[in-house]
2 protein chains.
Amino acid sequence: MIVDPSADDRLDRAFMALADPVRRRIIARLSRGPATVNELAEPFEITKQAVSKHIQVLEQAGLVTRTRDAQRRPVHLDAAALEALTEWIDRYRLIHEQQFRALDALLATERGRRAAPSAGGTTPAGTQEDAES
Amino acid sequence: MIVDPSADDRLDRAFMALADPVRRRIIARLSRGPATVNELAEPFEITKQAVSKHIQVLEQAGLVTRTRDAQRRPVHLDAAALEALTEWIDRYRLIHEQQFRALDALLATERGRRAAPSAGGTTPAGTQEDAES
DNA sequence: TACTTGATCAACCATTTGATTGATTACAAG
DNA sequence: CTTGTAATCAATCAAATGGTTGATCAAGTA
C-alpha cells in the first residue's frame, strides 16, 4: 500500500517497469496512441488479467495513466516520466565522458614530460559519495 | 546458461540491470571512475559477494567491463550501453510527442469547421505491430 | 430485470531474485 | 611454503514476480 513515497522511489519503479519486455512493448504501442487493456493484450499470449497487472506497474511508475470512457479504461502514455529516465541516464553518461576527456587531456600533458603511465589502474575518483537523486 | 542471445535481449538485460537501486548507485559511482568490488561494496550494507553478483548482472548487460590489475579486478563503466538505453526511450517518447503535435494540428483544423469532438476516446493507431528492436 | 462486454480483484502456483554464509581460486609478500 | 588479500563459486533461504483460473464490479443494452 504505497501511495507516492518520494521522487527517488518513482525512479526506481520506472526503471523496474521498463525492465520487463512485455511492458516495454506496451509502452511502444502506447507511443502511437492510447489503447484499452484488451487491445494491449491481443499481441501477447497472456491473459487480460496479466496485462492489467502490467499496466498497474506502469501506472505506479508514473509512466501511464488510466482514464474512463464508458466501461472502457483507456491507457495513455506519460512521456514526462520517460524524459526523467533519459535525464538520469544522461547525467552519469555525460559525467563519464567528461572523465574521459579529462584523462585524455592529462595524458596529452604528461606525454610532453615523461613516458605515458599505465593510465587507469587505480581509480582517480576522490569522493566516495554519490548523488543519486 | 545464456551467453549472448541477441542484441534485443541485451536491451532487456540493460533495463533489468538498472531496475535495482543498488546497481544504479554503482553506475553513479562508476561514472566518476573505475573501482574495485571492495570499494563499491563500502557504501552499502551488503556483503562483497552480493556486490559481486550485482556487477555480474551489470556486466552481462554490457553496462560495465572488468579488467585485471594484479589481484584486483577494477570495474569500468561502458557508456555506450547507457546511450543505447536513452535511444530506446527517446524513440517512443518522441513518437508520442509527435502524435500530440499531430492531434493539436487536427484540432486546430477541426476548430475552423465544426465544434471540437471528444478527441481521444478511441485510439487512432492503425497498426497493431510494434518495432521494438 | 437480465445479459453482455470490459476490466479488476482475489487466491494460488512456479520461477526468479537478492542476499547470506562458508569454501575456493588467484595473486602477492613474507 | 605459509599467510593475507581480493574476488568468485556453491548451496541455501525468504521474498518478490509473472502468470493462471475463477469470481466480482461497472457500464451499456435488449
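We use all heavy atoms of the structure for the numbers below, so side chains are in, but hydrogens, waters and symmetry mates are not. Labels below follow one simple rule: chain letters A, B, ... track the order of the sequence lines, proteins then strands, and each chain is numbered from 1.
- Contact annotation: Arg68(A) does not reach the phosphate of dG6(C) (side-chain N/O to OP1 or OP2, under 4.0 Å).
- Residue Ser52(B) places its side chain closer to dA7(D) than to any other of dG6(C), dC27(C), dA7(D).
- Side-chain proximity of Asn38(B) to dA7(D), dT20(D), dC27(C): nearest is dA7(D).
- The nearest whole Å value for the distance from the CE atom in Met16(A) to the P atom in dG18(D) is 8 Å.
- When each of Lys53(B) and Val22(A) is assigned the nucleotide of DNA chain D with its nearest heavy atom, Lys53(B) is the one assigned upstream, toward the 5' end.
- Ranked by how close their nearest DNA chain C nucleotide is to the 5' end, Asp20(B) and Arg66(A) are led by Arg66(A).
- In terms of phosphate contacts, Thr36(B) brings no side-chain nitrogen or oxygen within less than 4.0 Å of OP1 or OP2 of dA6(D).
- For Arg23(A), a side-chain nitrogen or oxygen approaches OP1 or OP2 of dG18(D) to under 4.0 Å.
- In this structure, the nucleotide among dG28(D), dT8(C), dG22(C) sitting nearest to the side chain of Gln49(B) is dG22(C).
- Here the nucleotide nearest the side chain of His54(A), chosen from dA27(D), dG19(D), dG18(C), is dG19(D).
- Distances from the side chain of Ala50(A) to the nucleotides dT20(D), dT20(C), dA7(C) place dT20(D) closest.
- The pair Glu97(A)-Arg93(A) counts as a salt bridge, with a side-chain nitrogen and a carboxylate oxygen less than 4.0 angstrom apart.
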